[in-house]
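These figures come from a predicted structure and were not determined experimentally.
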Amino acid sequence: MTTSLKQTRLGALFKLRRDEAVPVLLAGLFFFCVLTALMVLRPARDALGMQRGIEAVRWLFMGTALVTLLANPVFGWLVSRLPRLTFIAATYVFFALSLVGFHLLLVLAPEAVGITSGQVFYVWFSVFNLFATMLFWALMADRFTLEQSKRFFALISVGGTLGAIFGPWLASVLARPLGTPALLLVSAGFLMLALGAAWAVARSQRSGAASDGADGSGQAERPEHAIIGGSAWQGLKAVFASRYLLGIAVYVIIMAVVATLLYFTRLQMVAALGGDMDQRTALFARIDLITQLTTLVLQALIAGRVMERFGVHLTLMLLPLTVVLGFVGLAIVGTLAALIVFEATFRAVQRALTRPARETLYTVVSREDKYKSKAFIDTFGYRGGDVAGAQVEGLLGRLGMGLAGLASVAIPLALAWAALGLWLGRAQQRLAAEREASLPPVPAAAPGEPSTTRSPTP
């Protein structure tokens, strides 16, 4: 009786029905493992990237953008020809084996590890980061409906935030007794755990939940067995053929530009402090910890309710408005402490509110767009924005415009960004209404029979 009462109260608190609790828990575990795998290695990635100076980091951004552009048709080919779980597994296994390869290089040929190999790792990690998180959210948009995404995505994101906190802590505990190379194997291990959770999440989707087609018998094929088909370049073509997908791409690019402006401002301030690579790694780790704790507070207290109560359109406007206020404050104060507060707030709002809201936008598009178009937007879109932001920040620096000049560029951009977020949320509502209207009516249940509900697929 007591256990049942507790389950009822927890369900009411998180707005979960009994049949939804297990998939949401598995999704949170999936995201926890992905973020742990990434954050175990991230502070070292940033420190390695700075070994040749900040100008070299700008070129690394361009290299990452080029690699992601080349990787997209390969990923599109996998999506076109393999079942969903197979291409997800192939991607995660590839990155896990790459981590093992880097580990063997560090252990068996440490003399070959230098500045160049550190920069190779920087680019590889950036691509790994994008594809690992993109696949997670693509599966979430495929697994849950628009209505469910508004209720669950912020809650599921808590799993990722806990992983982002756990990863740096685990690295600090294991680095000394096991050595830095061992962290690569730890990351690979969590990737394999993430793959197991992904399999469980996908398998929990009911037969007939696929949004695409049915087999010859008229029975909908289980989505994990369905092959999406189409062209390897279809994702890129679809983005430019759809105002909605193009709007999402522009939203992502602007977000990446602003985040990069903040990133390079932080690098400039940290570089001005001096110190060696270990001190910089420690400072980056502390900034990450502050960000993750702030994100966790937002997710636990308000994130889920904000999107459900105020809608996706207003939620998508919160981060641009945060940027406006943040750059105004930074231009006035101009200290590293103010930047840390601004960046922690920016990233917390981005992860706790904007990311779940943005991922709901994909619940009203086709399965092909969920994986192919999303892959292009979330990889090349991000890195293209990174390159643009890096070049803009470099130009402003060469012109000697300082923080005031940075704010004069970022604030108008953020206002346009807010307007785009409002439009995207409204467009999503229209697409959802059109999709609902196109579905056949649900027959009423006969007396004494269980009610019939539509498939949960968006």
Side-chain angles (χ1 to χ4, degrees), residues 46 50 53-55 57-58 61 250-275 279-280 282-299 301-303 306 310 314-355 357 385-422:
D46 288 342
M50 286 185 65
I54 294 174
E55 278 302 318
V57 177
R58 292 192 179 93
F61 273 34
V250 174
Y251 188 93
V252 168
I253 290 171
I254 296 176
M255 180 167 61
V257 168
V258 173
T260 303
L261 293 177
L262 272 175
Y263 177 75
F264 276 97
T265 303
R266 187 228 294 178
L267 292 186
Q268 298 277 11
M269 289 186 172
V270 171
L273 296 177
Q279 289 176 315
R280 291 173 180 173
L283 179 57
F284 290 144
R286 284 197 294 271
I287 293 173
D288 279 338
L289 180 60
I290 293 171
T291 300
Q292 303 308 335
L293 292 175
T294 307
T295 303
L296 185 61
V297 170
L298 283 178
Q299 288 170 331
L301 297 180
I302 66 170
V306 165
F310 296 105
L314 293 181
T315 307
L316 289 172
M317 295 178 67
L318 291 177
L319 187 60
L321 297 179
T322 300
V323 168
V324 172
L325 296 176
F327 271 106
V328 169
L330 192 59
I332 295 172
V333 179
T335 63
L336 179 60
L339 176 66
I340 290 174
V341 171
F342 177 22
E343 188 177 17
T345 304
F346 174 87
R347 288 161 64 181
V349 173
Q350 178 189 7
R351 294 170 186 175
L353 298 170
T354 304
R355 187 66 189 257
D386 286 344
V387 171
Q391 297 307 311
V392 168
E393 191 276 338
L395 177 62
L396 293 174
R398 288 190 292 273
L399 294 175
M401 297 183 68
L403 292 176
L406 200 64
S408 69
V409 172
I411 291 173
L413 188 62
L415 293 175
W417 184 19
L420 178 59
L422 179 64

Please round to the nearest 0.5 Å and tell me the distance separating atom [atom1] of [X] and atom [atom2] of [Y].
X: Leu420; Y: Met317; atom1: CG; atom2: CE; result: 10.5 Å
X: Leu406; Y: Leu262; atom1: CG; atom2: CG; result: 7.5 Å
X: Leu318; Y: Phe310; atom1: CG; atom2: CZ; result: 9.0 Å
X: Gln350; Y: Glu343; atom1: CD; atom2: CD; result: 10.0 Å

Applying side-chain contact (heavy atoms from CB on, under 4.5 Å) to Leu396 and Val392, what does each step give before you reach the verdict? CA-CA 6 Å; Leu396 293 174; Val392 168; 4.1 Å; yes
Chi angles and distances behind the side-chain contact (heavy atoms from CB on, under 4.5 Å) call for Val258, Phe327: CA-CA 10 Å; Val258 173; Phe327 271 106; 4.2 Å; yes
Students often mix this up, so state it plainly: with edges at 30° and 60°, are the rings of Phe346 and Trp417 parallel, tilted or perpendicular?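 Tilted.
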Test log, rule side-chain contact (heavy atoms from CB on, under 4.5 Å), inputs Leu330 and Leu339: CA-CA 7 Å; Leu330 192 59; Leu339 176 66; 3.9 Å; yes
Ignoring hydrogens, what is the shortest heavy-atom contact between [X] and [Y]? Give both atom names and the distance.
X: Gly389; Y: Leu261; answer: O-CD2, 3.5 Å
X: Thr260; Y: Asp386; answer: OG1-OD1, 2.8 Å
X: Val257; Y: Ala388; answer: CG2-CB, 4.0 Å
X: Val324; Y: Ala414; answer: CG2-CB, 3.7 Å
X: Thr354; Y: Leu319; answer: OG1-CB, 3.2 Å
X: Pro412; Y: Ala407; answer: CD-O, 4.1 Å

Going through the checks in order, is the side-chain contact (heavy atoms from CB on, under 4.5 Å) test met by Leu321 and Leu325? CA-CA 6 Å; Leu321 297 179; Leu325 296 176; 5.8 Å; no
Keeping Tyr251 on the side-chain end and Leu316 on the backbone end, is there a donor-acceptor pair under 3.5 Å?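 Side chain of Tyr251 to backbone of Leu316: a pair is present.
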